[in-house]
Amino acid sequence: QVQLVESGGGLVQSGDSLRLSCAVSGRTFSHHTVRWLRQALAKDREFVLAINWSGGSTDNTDSVKGRFTISRDNAKNTIYLQLNSLKPEDTAVYYCAAAVTGLLPRSVYEYGYWGQGTQVTVSS
């Protein structure tokens, strides 16, 4: 069993920054991918960034390129998402999810473990 718990969301103004955390506990494996996703109100779930926390491989999406950064602290079993230059369109519930492959899959169906989400609200 793998458990993921997100934290760090909040209400901020346009241009502000936040750092989200995804704490991983339970049975963890070095080949896992952890991906940050988000879901805005009345919108579909959107891929954000992903990382293989053992190998350090990452990917990104055009919507957040240059503004968001994913990182890991293996000693703390924590994945971080640094959100910079936030825009109102970044408002969403941010989730972290884990897949049992380290190949950074881009299908939500590959992710079998999900956190509860943390709300990020960006006001204009």
[X] side chain near [Y] side chain, heavy-atom distance below 4.5 Å:
| X | Y | result |
| --- | --- | --- |
| Gln119 | Leu11 | no |
| Lys87 | Arg67 | yes |
| Ser17 | Asn84 | yes |
| Pro105 | Thr33 | yes |
| His32 | Val100 | yes |

For the residue pair [X] and [Y], what are the closest heavy atoms and their distance?
| X | Y | answer |
| --- | --- | --- |
| Tyr113 | Leu4 | O-CD1, 3.4 Å |
| Ile51 | Leu104 | C-CD2, 3.7 Å |
| Pro88 | Ser124 | CG-CB, 3.9 Å |
| Cys96 | Val34 | CB-CG1, 4.2 Å |
| Ile79 | Arg72 | CD1-CB, 3.6 Å |
| Val120 | Gly9 | CG2-CA, 4.1 Å |

Lys/Arg cation over aromatic Phe47: Arg35, 6.0 Å, 45° cone: yes
Kindly work out whether a path of hydrophobic side-chain contacts (I/L/V/M/F/W/Y, heavy atoms less than 4.5 Å apart) joins [X] to [Y].
| X | Y | value |
| --- | --- | --- |
| Val24 | Leu49 | yes |
| Tyr109 | Trp114 | yes |
| Val12 | Leu81 | yes |
| Val108 | Val93 | yes |

Taking only distance into account, with no hydrogens and no angle test, what donor-acceptor pairs under 3.5 Å do side-chain atoms of residues 36-44 form with protein atoms, sequence neighbours excluded?
| from | atom 1 | to | atom 2 | distance (Å) |
| --- | --- | --- | --- | --- |
| Arg38 | NE | Glu46 | OE1 | 2.9 |
| Arg38 | NH1 | Asp90 | OD1 | 2.9 |
| Arg38 | NH1 | Tyr94 | OH | 2.9 |
| Arg38 | NH2 | Glu46 | OE1 | 3.3 |
| Gln39 | NE2 | Lys43 | O | 3.3 |

Among Leu18, Leu86, Leu83, which one satisfies side chain to side chain contact (heavy atoms under 4.5 Å, CB included) with Val122?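 Exactly one option meets the side chain to side chain contact (heavy atoms under 4.5 Å, CB included) with Val122, and it is Leu86.
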